[in-house]
Amino acid sequence: MATVHLRIGDLVWGKLGRYPPWPGKIVSPPKDLKKPRGKKCHFVKFFGTEDHAWIKVEQLKPYHAHKEEMIKINKGKRFQQAVDAVEDFLKKAKGKEQNSDGKGDSKGKKTPNKPLKILDEDDEDLSALKDPSEKPVKDDPHFHHFLLSQSEKPASSMEPISKRLKIIEEVTGSTSIQAADSTAINGSITPTDKRIGFLGLGLMGSGIVSNLLKMGHIVTVWNRTAEKCDLFIQEGARLGRTPAEVASMCDITFSCVSDPKAARDLVLGPSGVLQGIRPGKCYVEMSTVDPETITELSQVITSRGGRFLEAPVAGSQQLSNDGMLVILAAGDRTVYEDCSSCFQAMGKTSFFLGEAGNAARMMLILNMVQGSFMATIAEGLTLAQATGQSQQTFLDILCQGQMASTFVDQKCQNILQGNFKPDYYLKHIQKDLRLAISMGDMANHPTPMAAAANEVYKRAKALDQSDNDISAVYRAYIH
């Protein structure tokens, strides 16, 4: 393959590590920023973000020559916004050229570039990294690199904790300013010096731990199936032999398991968390469970002098992997604050909702709505088929209306393709519906829609769909 010679000012597609190629422009690096040793590379500014990185020449492709190819393999909304930003840049550049024709006073003049400062890891002022006249743009969920942006005021109760960044040296040899995810548009993530424990490496827990490690946290892991720990040990995690050992070794221990029984067993069972709790130790319950379970766990942890926070997460396996979860926290506010860097690494937003139990209530309501909605969409798809209508046309119309969303599009496309690989287990959404209905009964509040949806999910479970994605509720209508 012929070598492509690139220079400053060229538009390119840049690829770093396992992340997809992203449109950028080769720019001059800051004078005080050293090029990585022994590597031929260019300094690239990426469109749609304020991200910059050294990218090896073999990971760069000319923009125009490969545009069609890249657009075919990358379909994300944020990716399209980045491509649109390139086209806007090209239009403006062409306009400037036309305006400068015949203007003698502007000939030969060049607008000086504003200096880009790459900060040291201890530097807390990140405002110099961004042109103040530019508004930050969120980048793609699958592109987690080096966002440079302005600081945000500290979050207060009921407000999201803002993201922050840190400078790291990646295994690829590229110096980057990296956020845990694409919504990290403010500040720098400085990992807490507290020792972090994590129990439960399922669909959600695995992505969370991966992002904690990427952001430089010291993490000790435990899982009931020990083999699941191996990958994270290779990534730098430490191994705990029991939940009690993890809790005793760590300052803050998180858990994320399947249901109330598993959450209780983890704390109260043999070699459970409670045996490792000492005064000052923190325990954060991230499982989606009922408020009564949260109250019980909070009481037993605090009875040993521990500090308790619940922090269930709204999202899916993909959002967990991308560090795009929404964290709902309640309980000890000081624990919430101590977990700041962890929440920034694993999620795009976190909310503090007051006393313990409130987050469980809110999470069950959210999942009740999601589960009921998914069942209704499946019902619509199957009714379309039963009445001789095109399911694809139904989806196309739906995605042009007020209910259009990434969730609807992805779930329906997966259904039409017969792809029910779990992003959120069907058995878990049915469990959440059951708990939400029970919560409604205790509050003497009717939940007829959730009750109807719950019956459909129970039928899907009877059809052996428990370990498939929630979209497999579709199969309850066709059998």
Side-chain angles (χ1 to χ4, degrees), residues 72-77 80 141 202-204 258-259 288 314-322 324 326 362-441 445-479:
K72 284 181 181 178
I73 63 175
N74 293 293
K75 299 292 185 183
K77 181 179 178 182
Q80 186 56 54
L203 289 184
M204 308 297 277
S258 59
D259 56 33
T288 300
S316 62
Q317 181 185 31
Q318 186 61 58
L319 293 176
S320 176
N321 292 341
D322 294 338
M324 295 282 285
V326 176
M362 185 67 80
M363 191 74 254
L364 290 177
I365 294 168
L366 290 169
N367 283 0
M368 177 190 76
V369 171
Q370 178 176 266
S372 300
F373 182 56
M374 184 68 251
T376 301
I377 294 297
E379 192 169 294
L381 277 168
T382 51
L383 182 59
Q385 184 180 45
T387 56
Q389 305 305 303
S390 164
Q391 291 181 314
Q392 184 62 57
T393 302
F394 166 75
L395 174 57
D396 292 342
I397 296 169
L398 195 64
C399 289
Q400 291 298 319
Q402 291 179 319
M403 289 189 292
S405 68
T406 302
F407 175 84
V408 170
D409 185 41
Q410 289 179 345
K411 294 300 182 188
C412 289
Q413 290 291 1
N414 286 344
I415 287 173
L416 297 184
Q417 294 166 14
N419 174 16
F420 298 103
K421 180 181 177 182
D423 201 32
Y424 193 91
Y425 285 122
L426 183 142
K427 62 185 177 184
H428 290 170
I429 202 72
Q430 190 274 322
K431 173 262 299 181
D432 296 342
L433 281 164
R434 174 174 54 80
L435 294 177
I437 293 165
S438 176
M439 186 171 70
D441 288 343
H445 183 83
T447 54
M449 304 301 291
N454 186 45
E455 292 304 315
V456 183
Y457 282 98
K458 285 163 65 176
R459 173 164 171 73
K461 285 177 65 177
L463 293 169
D464 201 26
Q465 301 302 309
S466 291
D467 292 325
N468 281 333
D469 186 69
I470 64 171
S471 55
V473 68
Y474 173 86
R475 289 179 166 167
Y477 288 96
I478 59 176
H479 287 86

Closest non-hydrogen atom pair, Ala436 against Met368 | CB-CB, 3.8 Å
Does Thr376 reach the side chain of Met449, with side-chain heavy atoms less than 4.5 Å apart?
-> no
Give a yes-or-no answer on whether the side chains of Glu379 and Tyr477 include a donor-acceptor pair shorter than 3.5 Å.
-> yes
Quick check: does any side chain N or O of Thr382 sit under 3.5 Å from a backbone N or O of Ala378, one acting as donor and the other as acceptor?
-> yes
Over all heavy atoms of both residues, which pair between His428 and Ser258 is shortest? Give the atoms and the distance, please.
-> NE2-CB, 3.5 Å
Output for pair (Phe420 CZ, Ile470 CD1), nearest 0.5 Å, gives 11.5 Å
So how far is it from Ile429 CD1 to Ser372 OG, rounded to the nearest 0.5 Å?
-> 8.5 Å
Check: Asp396/Gln400 side-chain N/O donor and acceptor closer than 3.5 Å | no
For side chain to side chain donor-acceptor pair (under 3.5 Å), just list the numbers for Gln317 and Asn321, CA-CA rounded to whole Å, side-chain angles, deciding distance to a tenth of an Å, and then say yes or no.
-> CA-CA 6 Å; Gln317 181 185 31; Asn321 292 341; 5.2 Å; no
Can you check side-chain contact (heavy atoms from CB on, under 4.5 Å) on Leu433 and Asn367, steps first, answer last?
-> CA-CA 7 Å; Leu433 281 164; Asn367 283 0; over 6 Å; no
Listed partners of Phe394 passing ring-ring contact (aromatic ring centres under 6.0 Å, His included), at least two apart = none
Apply side-chain contact (heavy atoms from CB on, under 4.5 Å) to Phe407 and Gln370, showing your working.
-> CA-CA 10 Å; Phe407 175 84; Gln370 178 176 266; 3.9 Å; yes
Can you measure from CD (Gln389) to CG (Leu381) and round to the nearest 0.5 angstrom?
-> 12.5 Å
Heavy-atom side-chain contact between Tyr425 and Leu203 under 4.5 Å = yes
Between the main-chain N or O of Arg434 and the side-chain N or O of Ser438, is there a donor-acceptor pair closer than 3.5 Å?
-> no
If you look at every heavy atom in Gln318 and Asp423, which pair is closest and at what distance?
-> N-OD1, 2.9 Å
Ile365 and Met439, any side-chain heavy atoms less than 4.5 Å apart = yes
Residue pairs, two or more places apart or on separate chains, that pass side chain to side chain donor-acceptor pair (under 3.5 Å) and touch residues 457-467 | Lys427-Asp467, Gln430-Lys461, Glu455-Lys458, Gln465-Asn468, Gln465-Arg475
In this structure, CG of Leu435 is separated from CG of Asn454 (nearest 0.5 Å) by 9.5 Å
Can you name the closest pair of heavy atoms from Leu463 and His479 and give their distance?
-> CD1-CB, 3.8 Å
For the residue pair Leu426 and Ala460, what are the closest heavy atoms and their distance?
-> CD1-CB, 3.8 Å
Please list every donor-acceptor pair under 3.5 Å in which a side-chain atom of residues 408-416 meets a protein atom from a residue at least two apart or in another chain.
residue : atom : partner : partner atom : Å
Lys411  : NZ   : Asp469  : OD1          : 3.1
Lys411  : NZ   : Asp469  : OD2          : 2.9
Asn414  : ND2  : Gln410  : O            : 3.3

